[in-house]
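Fair warning: this is a prediction, and the values are worked out from it, not measured in the lab. The sequence lines fix the lettering, A, B, ..., with proteins before strands; numbering per chain opens at 1.
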2 protein chains.
Amino acid sequence: MDAKQKFEQFVASEGLRRTGQRTKVLDVFLATERHVTVQELHDLVRKKHKGIGYATVARTVKLICESGLCRQVDFGDGALRYEHKYDHEHHDHLICVECGKFEEIYSPKLEKLQHELVRKYDYVQKSHKLDIFGLCPECAKKNAQKTT
Amino acid sequence: MDAKQKFEQFVASEGLRRTGQRTKVLDVFLATERHVTVQELHDLVRKKHKGIGYATVARTVKLICESGLCRQVDFGDGALRYEHKYDHEHHDHLICVECGKFEEIYSPKLEKLQHELVRKYDYVQKSHKLDIFGLCPECAKKNAQKTT
DNA sequence: GGAGTATTTGATAATGATTATCAATAGCAC
DNA sequence: GTGCTATTGATAATCATTATCAAATACTCC
Ligand SMILES: [Mn+2]
Ligand SMILES: [Mn+2]
Ligand SMILES: [Zn+2]
Ligand SMILES: [Zn+2]
């Protein structure tokens, strides 16, 4: 089942309606691999479809999350971002605090350790968010030169 | 050197001025072990010192962070929170999404793994933020009963 | 101690992201 | 097609954070 089918199935199962706006927002979202804010996604949507409002984009991206195709991420820059989740392995982020560039990182060992920790506290794990902030190789080099 | 001394040293070294407001905000902040928002800290401050404004509290808690006594945390509930850093070991958070209760967790293994990952990507690590969301034992129990 | 100066303060406004409102529109069951 | 209800889009409300600015205050130098 592809992403669009999964979304339509979710919409149907929730008793929601199939609308042109929802389809178009989903298409635009699926067509980018960026980690977009609602504002950015709205801008992308309006390039193709003039009439769609900000509120609709905001509401739809939330629906997409609920359907399991999308995940909220927070890089700490003031606005929530959304990224693909379907057909994408879970990962965390390594973010450059200078230029905003980031890497998607994953370590099964790290995930396993987390689960062990959670179990130790008798919690039931739902999700987690690991963001590592630092300097990318380029920015690290620049900074090293500055201090010289 | 205790926390208050460290703050005064920071203020002096930055060429800033020693004011009654800054001292009072710091005192109130040090007197709680909670993870407070600016709003909450302002409320606490005003219980003792009526005249101190929100903006001053917001500015001062930032200063306290810069001085190394305080750390920003984000539990994803809409407002940034601040917690003690001085005389407190680094730790991450395990947060109950139902009731907001949380545990402070720490694993040297986990920290080490992170550093290895960062090195693999040639990044220079500055900080990291790991928040695990789940259900605390009590809320997990309640939820289990509901589904029964 | 007092004058001069730059910082700090607190009330208020500005900003920006998110959420709520509501009349008009459109999907869906019949 | 009709009727009912969800959805939409423009706009306003909300809320945290940041900016503004005149008045108050801390600090330096005498
Ligand atoms: Mn990603
Ligand atoms: Mn903590
Ligand atoms: Zn960079
Ligand atoms: Zn709980």
Q.
Whether R22(A) contacts dA6(D) is assessed here as follows: a side-chain N or O lying under 4.0 Å from the phosphate OP1 or OP2. Is that the case?
A. no
Are the side chain of T56(A) and the backbone of I52(A) linked by a donor-acceptor contact shorter than 3.5 Å?
no
Between protein and nucleotides 28-30 of chain D, what N or O pairs are separated by less than 3.5 Å?
none

When rounded to whole Å, the NE2 to C1' distance for the pair H49(B) and dT9(C) reads 16 Å
Taken to the nearest whole Å, CD/E14(B) to C1'/dT8(C) is 16 Å
The complete set of salt bridge (charged side-chain N to carboxylate O under 4.0 Å, His left out) pairs with one or both residues in residues 19-39 of chain B, sequence neighbours excluded, reads K4(B)-D27(B), R34(B)-E40(B)
Please answer: with hydrophobic residues joined when any side-chain heavy atoms are less than 4.5 Å apart, are I105(A) and V73(A) in the same cluster?
no
Applied to residues 97-119 of chain B, the ring pair (Phe, Tyr, Trp, His ring centres under 6.0 Å) test, sequence neighbours excluded, yields H35(B)-F102(B), F75(B)-F102(B), H93(B)-F102(B)
Axis-to-axis angle for the helix from dG1(C)-dC30(D) to dC30(C)-dG1(D), ends of five pairs each, to 10°, equals 40°
I'd like to know if the side chain of H88(A) pairs up with that of E83(A) as donor and acceptor (distance under 3.5 Å, no hydrogens or angles considered). no
- prompt: Does the side chain of Q114(B) reach to within under 4.5 Å of the side chain of L110(A), using non-hydrogen atoms?
  reply: yes
By side-chain hydrogen bond (donor to acceptor under 3.5 Å, both in side chains), Q72(B) pairs with (sequence neighbours left out) Y82(B)
When you measure from the side chain of T32(B) to the backbone of F29(B), do you find a donor-acceptor pair of N or O atoms at a distance under 3.5 Å? no
Open item on the list: Test your reading of the model: is there a side-chain donor-acceptor pair from H91(A) to the backbone of E89(A), 3.5 Å cut-off?
Closed with: yes
Keeping the roles fixed (side chain from Q5(A), backbone from D2(A)), state whether a donor-acceptor pair exists under 3.5 Å.
yes
Each nucleotide of nucleotides 11-30 of chain C classed B (base within 4.0 Å of a protein heavy atom), S (only sugar-phosphate) or -, in 5' to 3' order, makes B-----SBS-B-----BS--
